[in-house]
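First up is the structure itself, then whatever we jot down about it.
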Amino acid sequence: MKIISTTLIMFTAISAFAQTQVTKDKKPDLKDNFKYQTEQFADAKILRYQVPGFEALTLKQKELIYYLSQAALCGRDITYDQNYKSNLLIRTTLEAIYREYMGDRKSADFKKFMVYLKRVWFCNGIHHHYSTDKFLPEFSAAYFATLINSIPAKSLPLKKGESSGQFIAEMSPLLFDPGVAPKRVSLDPATDLVLSSASNFYEGVSQKEAEEFYAKMKSEVKQGSRDTLIAFGLNSKLVKENGRIVEKVYKIGGHYGEAIGQIVRWLEKALTVTETPGQNEALKKLIAYYKSGDLVIWDEYNIAWVKDLNSLVDFVNGFIEVYGDPMAMKGSWESIVNFKDVEATKRTETLSSNAQYFEDNSPVDPGFKKKTVKGVTAKVITVAQLGGESDPTTPIGINLPNANWIRKEYGSKSVTMDNITNAYDQAAKGNGFLQEFACSKEEVDRAEKYGHLAGNLTTDLHECLGHGSGQLNPGVGADALKNYHSTIEESRADLFALYYIMDPEMVKLGLVPGDEVGKAEYDSYIRNGLMTQLVRIYPGKTIEESHMRDRALIARWVFEKGEKQKVIEKVIRNGKVYFTINDYQALRKEFGELLKIIQRITSEGDYEAAKKLVEAYAVQVDPVLHKEVLERYAKLNIAPYTGFINPEYTLVKNGEVVTDVTISYPDDFTAQMLKYSKKYSFLPVR
Ligand code: ZN
């Protein structure tokens, strides 16, 4: 599971309290005058992030990061192809135009072309990374034809014997027709989820056929054996061939074999410089899994990976999150290379070592609690490289593995990405967002003082305790809630965090100086869930993305619950809407009540109840409030979405001997994307 920033963009300053953990003479290579934001286009901005602490790593650790980061880049094209089957063709075409077009590159049309190309890079395809709606170019189809006709045909990915004219006719609907592949992930229960989604996990297969295929597969494994626990369908595409439905497994020699082979090549180099036997074992399992496509080995890898707690360098690499599949079965490829921030990790260690207290004292029905919470490990990490689905847009926290039975038996690893949240906060300084939407000066001051800490702690609680808490009833599968699974699961983790950030125990544990931190989080959560997250929605659209649905669900449910008592009050001042909290303790109780409800739904796999809750609270948008929020936001000229430029690593060699790995921070998004496309394209475009 991953957590995505929405609240963090609104903090305009970093509190002195939080900063002691971040900068206190621990990271001499954290630069002060670092330029975080490099550019802004459409609804996106591009930031850089620093990798403090890299210089202090040993040569072997740096080398390990280098190999793992190369592996992370080799899977880039898989993400494009998984998102939509024509994405690689489109990207290759646009990049050819970028390189070859000799006409007027300063014209308004060409600028619009550039915005479109950057959006495609930003989203790993032609669908918005967040809303999953197809976005259209702002230049015309006629201009596109002009561009194609004015570059050499040999630079285009033409089919054999295809003319430029035929190529234009083939490509135009893909780019310009809003009816072609309108949505990457459809969650509309009234439609066939598979057929109405453009994501490339199924081909020629209906939702019903896919459901039947996997129901049959599950019924055929030996009951009671461990094989019943594997994540069926996670690493494959389901296609109909000659009337027969078959799985195309992602592996060397199989689907995506060319890219996976490159990933493995770098993982094998990484194997020569591992830090610990545990890390070595995990890497070997991962390689074996990529070679065989065997999901039993994938589970073995995850177990080995969870057990490896002694390595400083760590990595995520594989087909993991299922948000991109409307059926929540198929994993999108991603990689995140990182190393532990030892100092900041003390905060999450305090949380995880008290995991049993949090589980025992939660407001959830005792029958749905874990009797013993095992191995909840949490750490704060410094990201060194983003890849696949996590690049250029990245989560700010993750909790893996996703398999519930592994989490229950072996625990999970939970991480907070401190250098990423730091980049967000630094880039947001003084952008005016908070001043516009907070109801009072008191709220602004509280956010400025405690916002960074509140945000990080909420992420920690969400990731290392929230997702790991509770248990499913026997016989309830992880996919019981289907298209509502992700929203309910994220709500569960958020509610756990919200309930506990205001717990007196947090003060006792020395994690917060008082309840002002919890108040800062409640302020921002309610403001975001009821109002400000709407800046990410286009007029007329509903809320789609799981984390946004989760936040709307919670904020609206508690608002309605305490409406009479004015626990949260809607204030209208100078014609502007604000939401302010009058009773923080009453609000906390409501979070607890909703957590109890959501945990029951999860534990029992109650699809109907999940559907009712999500459809009632999480999806619709009040058009009047939406319009107002968009207008107020537009005046601030802030891009709501953020992507990152990765640092670059260079191997320094003396003959065949590696003597150093250096790091640099490029500041040109276009150059990095072009470089990646040139160096790390391993899949056929057609
Ligand atoms: Zn989550």
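The analysis underlying the following values was restricted to heavy atoms, covering all of them including side chains, and did not include hydrogens, waters or symmetry mates. Each ligand, and each atom within it, is numbered from 1 in the order the structure gives. Numbers here are sequence positions counted from 1.
Here ring pair (Phe, Tyr, Trp, His ring centres under 6.0 Å) pairs that include residues 593-612, with residues two or more places apart or in two chains, are Tyr484-Tyr607.
The Zn ion (ligand 1) lies at the vertex of an angle of 90° between the NE2 atom of His462 and the NE2 atom of His467 (rounded to 10°).
For His547, every N, O or S atom stays at 2.8 Å or more from the Zn ion (ligand 1).
The aromatic rings of Tyr289 and Trp298 sit tilted relative to each other, their planes meeting at an angle between 30° and 60°.
If you check the side chains of Gln599 and Ser603, you find a donor sitting under 3.5 Å from an acceptor.
A salt bridge links Arg527 with Glu443: the closest approach of a Lys/Arg side-chain nitrogen to an acidic carboxylate oxygen falls below 4.0 angstrom.
Atom OE1 is the N, O or S atom of Glu490 at the shortest distance from the Zn ion (ligand 1).
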